[in-house]
Amino acid sequence: MFEVPMRRHALTYRAFGRPLETLNVETAEVPRLVEGKLRVRMLCAPVNPSDLIPISGAYSHRITLPAVAGYEGVGRVIEAPRQYASLIGKRVLPLRGEGTWQTILDCDAALAVPVPDTISDAVAARAYINPLAALTMLETWPVEGKRVLLSGAGSNCADYLGAWAYQHGAREVIGIYRSESRVARLEKLGIKPVSIQDMSLTSRVARKSDVVFDALGGPVAANILQLMAPETTFIAYGLLTGQAIQVDSKPRALYRKFHLRDPLSRMSAEAWQQKFLAIWGLLDQSAMPDYQVFPGQDWRQAVERALCPSGQKVLLDLSTLGQ
């Protein structure tokens, strides 16, 4: 009997630029599964700034084109080598390999993260970039007994940093927000909100902060860094403004940069799996922000919504991509 070849649909970019101009759905036949790989049928994936910024060319030096977009998501294993046969039919996070915005994805079996039955698809799909970054930063720069300041406090990563900082013993957590729509969420998490427009209050809290986790960059971050006291720490982990931090004189605070790819490059497969055991426990106790689900064929609307700073978080249902 003639067997119809399996085909995959993928949101691919062949040049750098604006996501809505460079992304296209491409269809190709699925090749034979390589030894040591799992084949996963993707269920859903988030649309985050961390997914869209690389498409613009911000990290062009480490991206080979053409590339499939998307860094995280959840899917169900449909094919596996014999030693991983128990994973067939189970949900996994197929990470650290191909882009996740596609219908069929092959990933390294040793790095595929099994998803507990108690975790929903929506939570699992967003369990990688922001939770792992937040947990790693809190382990690297302890906050016990300290005053913590978050910039770009409307982001998912800042949510985790703030909520989990209290679990790590932080004395106080303050969040600088850009959109008024984020205030209720911050207050619910116990993060004291400060408007980015209130430069006087921002300066006062900067002087009193022991640890700053900065997702903004640009002049606001530069002002905070210059005002911080000696023996304090400023961690730059994002660039939501698209502007670098430029200061007039050497800061008194200890300045550090954080890129998740750096600790990942040194992490064994065993350590990687252990990290997620901790993350599943934390996510079970965390209230995730509201999100809006878009069918795969409506990916353009999903990207447009994700580009709005005050919009709901976005989840892409990949089951209809290419239809």
Item to complete: State whether Asp210 and Arg147 are salt-bridged, where the test is any N-O pair (Lys NZ or Arg NE/NH1/NH2 against Asp/Glu carboxylate O) under 4.0 Å.
Response: no
Practice prompt. Mark yes or no for whether Asp214, through its side chain, and Ser151, through its backbone, hold a donor-acceptor pair below 3.5 Å.
Written response: no
Discussion item. Using 0.5 Å steps for rounding, measure from the CD1 atom of Ile78 to the CG atom of Leu105.
Written reply: 10.5 Å
Discussion item. Quick one: does any side-chain atom of Asp198 pair with a main-chain N or O of Leu201 as donor and acceptor, under 3.5 Å?
Written reply: yes
Worksheet entry | Result of checking Val113, Leu264, Leu132 against Lys275 for side chain to side chain contact (heavy atoms under 4.5 Å, CB included) | Leu132
Item to complete: Return yes if some donor-acceptor pair links the side-chain N/O of Ser120 with the main-chain N/O of Val123 below 3.5 Å, else return no.
Response: yes
Worksheet item: Does Val47 belong to the same Ile/Leu/Val/Met/Phe/Trp/Tyr cluster as Leu307, with side-chain heavy atoms less than 4.5 Å apart forming each link?
Response: yes
Worksheet item: Among all residues two or more places apart in sequence or in another chain, which pass the ring-ring contact (aromatic ring centres under 6.0 Å, His included) test with Tyr177?
Response: none
Worksheet entry | Validation row: Arg39, Ile104 side chains within 4.5 angstrom (heavy atoms) | yes
Worksheet item: Which heavy atom in Gly73 sits nearest to a heavy atom in Thr100, and how many Å separate them?
Response: N-CG2, 4.3 Å
Discussion item. In the structure I gave you, are the side-chain heavy atoms of Trp299 and Phe294 within less than 4.5 Å of one another anywhere?
Written reply: no
Practice prompt. Check the hydrophobic clustering (I, L, V, M, F, W, Y; side-chain heavy atoms under 4.5 Å; chains of links allowed) and say if Ile88 and Val40 are grouped together.
Written response: yes
Practice prompt. Take Arg185 and Ile191, measure what side-chain contact (heavy atoms from CB on, under 4.5 Å) needs, and give me the verdict at the end.
Written response: CA-CA 9 Å; Arg185 169 75 177 166; Ile191 302 171; over 6 Å; no
Discussion item. Tell me whether Arg76 contacts the main-chain N or O of Gly89 through its side chain, where contact means a donor paired with an acceptor under 3.5 Å.
Written reply: yes
Discussion item. So does Leu20 get a backbone contact from the side chain of Arg300, meaning a donor-acceptor N/O pair under 3.5 Å?
Written reply: yes
Discussion item. Go through it in stages, so that I can follow the logic: the residues are Leu138 and Val143, the test is side-chain contact (heavy atoms from CB on, under 4.5 Å), and I'd like the CA-CA distance, side-chain angles, deciding distance and then a yes or no.
Written reply: CA-CA 7 Å; Leu138 289 170; Val143 297; 3.9 Å; yes
Discussion item. Donor-acceptor check, side chain of Glu79 to backbone of Leu38, threshold 3.5 angstrom: yes or no?
Written reply: no
Practice prompt. Taking the side chain as every heavy atom from C-beta outward, state whether Ile119 and Pro116 have any pair of such atoms under 4.5 Å apart.
Written response: yes
Fill in: Test item: Pro81 and Lys37 side chains (from C-beta on) under 4.5 Å apart, heavy atoms
no
Worksheet, complete the sentence: Rounding to 0.5 Å, atoms NZ (Lys313) and CG (Asn130) come to a distance of 8.0 Å
Worksheet item: What are the two closest non-hydrogen atoms of Ile129 and Ser50, and how far apart are they?
Response: CG2-OG, 4.1 Å
Practice prompt. Can you see which heavy atom on Ala253 is nearest to which on Leu225, and at what distance?
Written response: CB-CD1, 4.3 Å
Worksheet entry | Ala221 to Phe234 - nearest heavy-atom pair and separation | O-CE1, 3.8 Å
Worksheet item: From Leu186 CG over to Leu150 CG, what is the distance, rounded to the nearest 0.5 angstrom?
Response: 8.5 Å
Worksheet item: When you measure from the side chain of Asn223 to the backbone N and O of Val220, does any donor-acceptor pair fall under 3.5 Å?
Response: no
Discussion item. Working to the nearest 0.5 angstrom, can you tell me the gap between Leu135 CG and Leu282 CG?
Written reply: 6.0 Å
Worksheet item: Same cluster for Trp101 and Leu65 if Ile/Leu/Val/Met/Phe/Trp/Tyr side chains link at under 4.5 Å?
Response: yes
Practice prompt. Would you confirm whether Ser268, through its side chain, and Ala271, through its main-chain N or O, come within 3.5 Å as a donor-acceptor pair?
Written response: yes
Fill in: Worked check of side-chain contact (heavy atoms from CB on, under 4.5 Å) between Phe16 and Ser56
CA-CA 5 Å; Phe16 296 111; Ser56 71; over 6 Å; no
Item to complete: Using atom types as modelled and distance alone, determine if a side-chain donor or acceptor of Thr233 lies under 3.5 Å from a backbone N or O of Val211.
Response: no
Discussion item. Please determine whether residues Leu161 and Leu254 belong to a single hydrophobic cluster, defined as Ile, Leu, Val, Met, Phe, Trp and Tyr linked transitively by side-chain heavy-atom distances below 4.5 Å.
Written reply: no
Practice prompt. Write out all pairs satisfying salt bridge (charged side-chain N to carboxylate O under 4.0 Å, His left out) with one or both partners inside residues 83-100, taking only residues at least two apart or from two chains.
Written response: Arg8-Glu98, Arg91-Asp121
Worksheet item: Checking side-chain contact (heavy atoms from CB on, under 4.5 Å) for the pair Leu318/Cys44: CA distance, chi angles, key distance, verdict?
Response: CA-CA 5 Å; Leu318 294 165; Cys44 56; 5.6 Å; no
Worksheet, complete the sentence: In this structure, CD1 of Ile235 is separated from CZ of Phe258 (nearest 0.5 Å) by 10.0 Å
Worksheet entry | Test log, rule salt bridge (Lys or Arg N to Asp or Glu O under 4.0 Å), inputs Glu72 and Arg126 | CA-CA 7 Å; Glu72 57 185 336; Arg126 298 177 290 167; over 6 Å; no
Worksheet entry | Leu283 and Tyr160, any side-chain heavy atoms less than 4.5 Å apart | yes
Discussion item. Taking the ring of Tyr128 and the ring of Trp272, is the distance between their centroids below 6.0 Å?
Written reply: yes
Fill in: Nearest non-hydrogen partners of Ala236 and Tyr255, listed with the distance
CB-OH, 3.8 Å
Fill in: Side-chain donor/acceptor of Gln102 to backbone N/O of Met42, under 3.5 Å
no
Discussion item. Rounded at 0.5 Å granularity, tell me how far CZ in Arg252 sits from OG1 in Thr232.
Written reply: 8.0 Å
Discussion item. Under 4.5 Å between side-chain heavy atoms, counting indirect links through other Ile/Leu/Val/Met/Phe/Trp/Tyr residues: same cluster for Leu316 and Ile53 or not?
Written reply: yes
Worksheet entry | Contact list for residues 9-35, test side chain to side chain donor-acceptor pair (under 3.5 Å), sequence neighbours left out | His9-Thr27, Arg14-Glu26
Worksheet item: Where do Trp164 and Pro131 come nearest, in terms of heavy atoms and distance?
Response: CZ3-O, 3.5 Å
